[in-house]
Trainee: 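Okay, handing you the structure first.
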2 protein chains.
Amino acid sequence: MRLAELSESSGVPIPTIKYYLREQLLPPGRRITATQAEYDDSHLRRLRLVRALIQVGRVPVATAREVLAAVDDDSLGRTIRLGAALWALPQPPEAPEDDPATAEAASTVDRLLDELGWDTAREIGSLSPSYRTLVTTVATLNRLGYPCGTPELTPYARHMERVAEHDIDRLDTIPEEVEKVEIAVAAAILYEPVLLMLHRLAQEEHSARRFGL
Amino acid sequence: MRLAELSESSGVPIPTIKYYLREQLLPPGRRITATQAEYDDSHLRRLRLVRALIQVGRVPVATAREVLAAVDDDSLGRTIRLGAALWALPQPPEAPEDDPATAEAASTVDRLLDELGWDTAREIGSLSPSYRTLVTTVATLNRLGYPCGTPELTPYARHMERVAEHDIDRLDTIPEEVEKVEIAVAAAILYEPVLLMLHRLAQEEHSARRFGL
């Protein structure tokens, strides 16, 4: 398809597409004349992902470029490739390492991962921003006096494990490798708010059922 | 306990506690001399919640005051009281109402709630910021070309229902009414990041198991 069609199919204005091309967020089309290029479905998909990153995820352009480089790096295994993409996203601030509450929270999380048998998560450990953010949050909860140890965390982890299995089953239905990684990155940005809002609605529903309005 | 003890038990410096007292985020202690007041466990609990709202939730002082007013309003039923408290928290921006994608997303969410039998959620509908944010997010996903209809949403909603039931079971073990509402508000701010991070760690784990690193 031509640029005009790409713009129409994606709902992204032509000047914005040209900007993404200049910033190398979108690979160039196949040149057919001196002034025209041909785009395909991979451009349309990539355009969606760029919109998701920049519009919804509010990711800076330089960071988006880094995320997309990881998505495209087929020398890496899928988990590492996905990890590299997701880990390039902006992360919440981390706790100082020498804080005793942080050290205690880290051993709580390690014990949790052992009990769950999440061996890879255990092995990757503090390399993963998800691990480090979990540790920081557990430390904050405990510091504020809200109990958050392995017994409190385990049932939530088990539920989230079922959600993650469902995520990965869905991913398995997508044939192409680069598309799998793209969808996984988009899902991380776009589906998390869906999960949270479903959680809050379910809380409102069950609170009303249990306690009345 | 005296102010110094309250500060020590909570880890909140005395000048900060005095500021919270002046801003009416913390109810005054029982005056025992012209210059001294006595505080109890309810002050300690409230202090934790104020810290959670302001430090972790980054809620402005005026909003925190509004949230706490709802927590303390025992003329309301528990679900409404909790709703009033949570709904006073800062919410993500909403989509314009006259947008056709938003209208379509609203009917997707309505159909979802019907299928789930979440009757209260359906009845409260767009009064709830959780409902409105879900609609906005579903509209964004569809606009970007990521399918997000009732079939995609239902399994996630079922999982989140189990999480919410667990939340409410935990709440049921807390004896005092005002404490229940306080804990529920703190949990909404503090446990959501825990859920998200457990979800990401579970994804990393199961991606590695399914696809290798």
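This structure is a prediction, so every number in the text was calculated from the model and none was measured. Just so it is clear, the values below take in all heavy atoms, side chains as well, and ignore hydrogens, waters and symmetry mates. Note on naming: letters A, B, ... go to the chains in the order of the sequence lines (proteins, then strands), and numbering restarts at 1 for each one.
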Trainee: For chain B, which candidate among A:Ala184, A:Gly145, A:Ala157, A:Ala188 shows the most heavy-atom pairs at distances under 4.5 Å?
Mentor: A:Gly145
Trainee: Please step through salt bridge (Lys or Arg N to Asp or Glu O under 4.0 Å) for the pair A:Glu192 and B:Arg200, ending with a clear verdict.
Mentor: CA-CA 10 Å; A:Glu192 284 185 355; B:Arg200 288 196 195 172; 2.8 Å; yes
Trainee: With a 4.5 angstrom heavy-atom cut-off, could you sort out which part of A:Arg158 is near chain B: side chain, backbone, both or neither?
Mentor: neither
Trainee: Evaluate the side-chain proximity of A:Ser207 to B:Ile168: yes if any heavy-atom separation is below 4.5 Å, no if none is.
Mentor: yes
Trainee: Under a 4.5 Å heavy-atom cut-off, does chain A meet the side chain of B:Leu49, its backbone, both or neither?
Mentor: both
Trainee: Do you know which of B:Leu82, B:Leu44, B:Ile80 has the most heavy-atom pairs with chain A at a distance under 4.5 angstrom?
Mentor: B:Ile80
Trainee: Would you mind checking which part of B:Arg162 comes under 4.5 Å of any heavy atom in chain A, side chain (CB onward), backbone (N, CA, C, O), both or neither?
Mentor: both
Trainee: OG1/B:Thr137 to OH/A:Tyr191 distance, rounded to the nearest 0.5 angstrom?
Mentor: 11.0 Å
Trainee: Aromatic rings A:His166 and B:His159: how do their planes relate, parallel, tilted or perpendicular, breaks at 30° and 60°?
Mentor: tilted
Trainee: Kindly determine whether A:Val163 and B:Val163 satisfy side chain to side chain contact (heavy atoms under 4.5 Å, CB included), including the steps that lead there.
Mentor: CA-CA 11 Å; A:Val163 175; B:Val163 175; over 6 Å; no
Trainee: What's the verdict on side chain to side chain contact (heavy atoms under 4.5 Å, CB included) for B:Tyr156 and A:Leu195, showing C-alpha distance, side-chain angles and the deciding distance?
Mentor: CA-CA 7 Å; B:Tyr156 288 110; A:Leu195 269 188; 3.8 Å; yes
Trainee: Tell me yes or no: between the side chains of A:His206 and B:Asp167, is some donor less than 3.5 Å from an acceptor?
Mentor: no
Trainee: Flag the one option from A:Gly11, A:Ala208, A:Ser9, A:Gly77 with the top tally of heavy-atom pairs under 4.5 Å to chain B.
Mentor: A:Ala208
Trainee: Can any side-chain N or O of B:Glu205 pair as donor or acceptor with the backbone N or O of A:Ala121 at less than 3.5 Å?
Mentor: yes
Trainee: Between atom CZ of A:Arg143 and atom CZ of B:Arg51, what is the distance when rounded to the nearest 0.5 Å?
Mentor: 10.0 Å
Trainee: Should the heavy atoms of other residues, nucleotides or ligands under 6.0 Å from CD of B:Glu152 be counted, would the total exceed 12?
Mentor: yes
Trainee: If only atom types and distance count, is the side chain of B:Arg48 paired as donor or acceptor with the main-chain N or O of A:Leu144 below 3.5 Å?
Mentor: yes
Trainee: Looking at CZ of A:Arg209 and CG of B:Asp119, how far apart are the two atoms once the value is rounded to the nearest 0.5 Å?
Mentor: 7.0 Å
Trainee: Can you find a pair of side-chain heavy atoms, one from A:Leu196 and one from B:Thr133, that are under 4.5 Å apart?
Mentor: no
Trainee: First locate atom CD of A:Gln203, then atom OG1 of B:Thr79, and finally report the distance between them rounded to the nearest 0.5 Å.
Mentor: 11.0 Å
Trainee: State whether the number of non-hydrogen atoms from other residues, nucleotides or ligands found under 6.0 Å of A:Glu8 atom CD is greater than 12.
Mentor: no
Trainee: What part of A:Leu153 gets within 4.5 angstrom of chain B, counting heavy atoms only: side chain, backbone, both, or neither?
Mentor: both
Trainee: What is the distance from atom CD of A:Glu161 to atom CG of B:Leu201, rounded to the nearest 0.5 Å?
Mentor: 11.0 Å
Trainee: Drop me the distance from B:Glu204's CD to A:Thr120's OG1, to the nearest 0.5 angstrom.
Mentor: 9.5 Å
